[in-house]
Number of protein chains: 2
Amino acid sequence: MSRRAPEGYRPEDHPAFAVTVDLVALTVRDDELHALLVTRAEDPFRGRLALPGGFVRADEDLADAAARELAEETGVRRVPGHLEQLGTYGAPRRDPRMRVVSVAYLALAPELPDPVAGSDAREAAWVPVATALSSRLAFDHARILADGLERARAKLEYTALATAFCPPTFTVSRLRRVYEAVWGVGLDPRNFHRKVTGTAGLLEDTGEVVVDGPGRPATVYRAGSATELNPPLTRDRLS
Amino acid sequence: MSRRAPEGYRPEDHPAFAVTVDLVALTVRDDELHALLVTRAEDPFRGRLALPGGFVRADEDLADAAARELAEETGVRRVPGHLEQLGTYGAPRRDPRMRVVSVAYLALAPELPDPVAGSDAREAAWVPVATALSSRLAFDHARILADGLERARAKLEYTALATAFCPPTFTVSRLRRVYEAVWGVGLDPRNFHRKVTGTAGLLEDTGEVVVDGPGRPATVYRAGSATELNPPLTRDRLS
DNA sequence: ATAATAGTGTCTTTTAGACAATATCAC
DNA sequence: GTGATATTGTCTAAAAGACACTATTAT
């Protein structure tokens, strides 16, 4: 095995790769989980839905590239919410034209305005995840999307990440609807309320209340400092 | 912003990167968690400890490259245990010589023989993690190692991965010592026993018992089909 | 016998989940 | 008023953790 030069970095030891970032950007609209997808304008997979993404620039950090793409595709200069690395996909022929390694990022954002076509966010749109999953996405993006969904669903169990789907202030029922949309289940409003208000550091009372339709006015909270949920909020024993 | 060619793949749109895999390979020896480290023979960081790794070949999948490196560095043709992607590290100047994106993998293995110097596994050695963490590792490998350790510790809570540190058959106390070594805590042998034997699918009784020193002979198990631990085995409320 | 490890039983506390009951709004 | 949502309280069952106790070995 002559694979390894003694750290000499001879060109033949490091074939050139293109590196891209792809985004699994999720939001909750109308109590339904949506993913940001673009329609490809060029071959391969012309006309097919795909995850937004693009090449990493020569002097750009990976997370910066992901944040830049997210801003470009949503049309929002600085997207609020949460951004984390999801995984890297580098099968030799995942892109038919060249060797491309894609670093996928998971973004969780509160409801954003629809991307405006014609701006830099060209063909991007928020698509219900049920629709996205049943579309035949380009490349290996179906797998990436599925991995991102599972990551998001799992992390809601043991972290405070659900607040990343909410605006700066929100009610308990808003937060509950996030959980219900992401997990696709119904949760008992009473037990949910007791759980989240009883978790130290998760919610900060703003002192305000808000009325929205019939029913008792709801207390308005902002996200607290807690990042972990301990004990977690489990989804396993559900239906 | 002219960053995006319309999917034309013009060379100027995709700067060339080198792609490597780095390994956080962990094992338990003498009831202590160890990581596999190599001593760098060349600049930069000559003489410094580093994670084992190397370039991904032009036609090689990322996970295959990680498995190949692991086999080469341990001197074991097919390393048993568990291998999963950990994360990708691609800060622009993490390698002073060129733009290198490294896909880190986490490997959990049962106790392996010491790598033999002179073979393809040149300078590799199993180092106690306490030592590894207090060494000044090359590149950003301290961060990668810390991330790998945290991943391993977290996953023992809610998966059956601890069995990846064990030989094909093992006793409950062996499994417990894995947990104790990885988490660096002491666990109550009685509660641990009840927990793991009471988790369906985690352990399969081989019907054998083994005596090892004084004390009642221990039942010998093999890993069962369960991959998740539900409910989990938590480490949070410990000291 | 003594020490050591394996394994079982029991008790207390915490928490999840079911669900009754109350509070406050729109209509 | 009725119906809807918010919030609190109560009960039961599951599980964690503490720890007494039994079983079986080496010495």
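Just so it is clear: chains get the letters A, B, ... in the order the sequence lines come, proteins before strands, and each one is counted from 1.
- As rounded to whole Å, 14 Å separates atom C1' of D:dT7 from atom CG of A:Leu203.
- Note on B:Thr197: every side-chain N or O is 4.0 Å or more away from OP1 and OP2 of C:dG7.
- In this structure, the CZ atom of B:Arg174 is 20 Å from the C1' atom of C:dG7, given to the nearest Å.
- The CG-C1' distance, from A:Asp188 to D:dT10, rounds to 14 Å in whole Å.
- Judged purely by distance below 3.5 Å, without hydrogens or angles, the side chains of B:Thr20 and B:Ser102 pair a donor atom with an acceptor atom.
- Using a 4.0 Å heavy-atom criterion, one finds that B:Thr171 contacts no nucleic acid atom at all.
- Residue A:His193 places none of its side-chain N or O atoms closer than 4.0 Å to OP1 or OP2 of D:dA6.
- A:Thr171 places a side-chain N or O within donor-acceptor distance of the main-chain N or O of A:Arg174, the cut-off being under 3.5 Å.
- For the contact set between residues 205-218 of chain A and DNA chain D, defined by any heavy atom under 4.0 Å, the members are A:Pro214, A:Gly215, A:Arg216, A:Pro217, A:Ala218.
- D:dT8 atom P lies 14 Å from atom CZ of A:Phe192, rounded to whole Å.
- A donor-acceptor contact under 3.5 angstrom links the side chains of B:Asp147 and B:Tyr89, judged on distance only.
- OP1 or OP2 of D:dA16 sits under 4.0 Å from a side-chain N or O of B:Lys195.
- The CZ atom of B:Arg176 sits 12 Å away from the C1' atom of C:dG7 (whole-angstrom rounding).
- To the nearest angstrom, C1' of C:dA6 lies 16 Å from CG of B:Leu187.
- Distances shown here put every side-chain N or O of B:Arg194 at or beyond 4.0 Å from the OP1 or OP2 atom of C:dT10.
- Among the atoms of the strands shown, only primed sugar atoms or phosphate atoms (P, OP1, OP2) are found under 4.0 Å from some heavy atom of A:Ser173.
- Take B:Arg94 and apply the side-chain hydrogen bond (donor to acceptor under 3.5 Å, both in side chains) test, not counting sequence neighbours, and it matches B:Asp140.
- B:Tyr158 places its OH atom 20 Å from the C1' atom of D:dA15, with the value rounded to the nearest Å.
- Taking the centre of each ring, A:Tyr221 and A:Phe170 stay at or above the 6.0 Å mark.
- By the side-chain hydrogen bond (donor to acceptor under 3.5 Å, both in side chains) test, B:Arg177 pairs with B:Ser173, sequence neighbours left out.
- Atom pair B:Asn191:CG and D:dA20:C1' shows a separation of 12 Å (rounding to whole Å applied).
- A donor-acceptor contact under 3.5 Å links the side chain of B:Arg190 to the base of D:dA20.
- Of the charged side-chain nitrogens involved, none lies within less than 4.0 Å of a carboxylate oxygen, so that B:Glu123 and B:Arg40 do not count as a salt-bridged pair.
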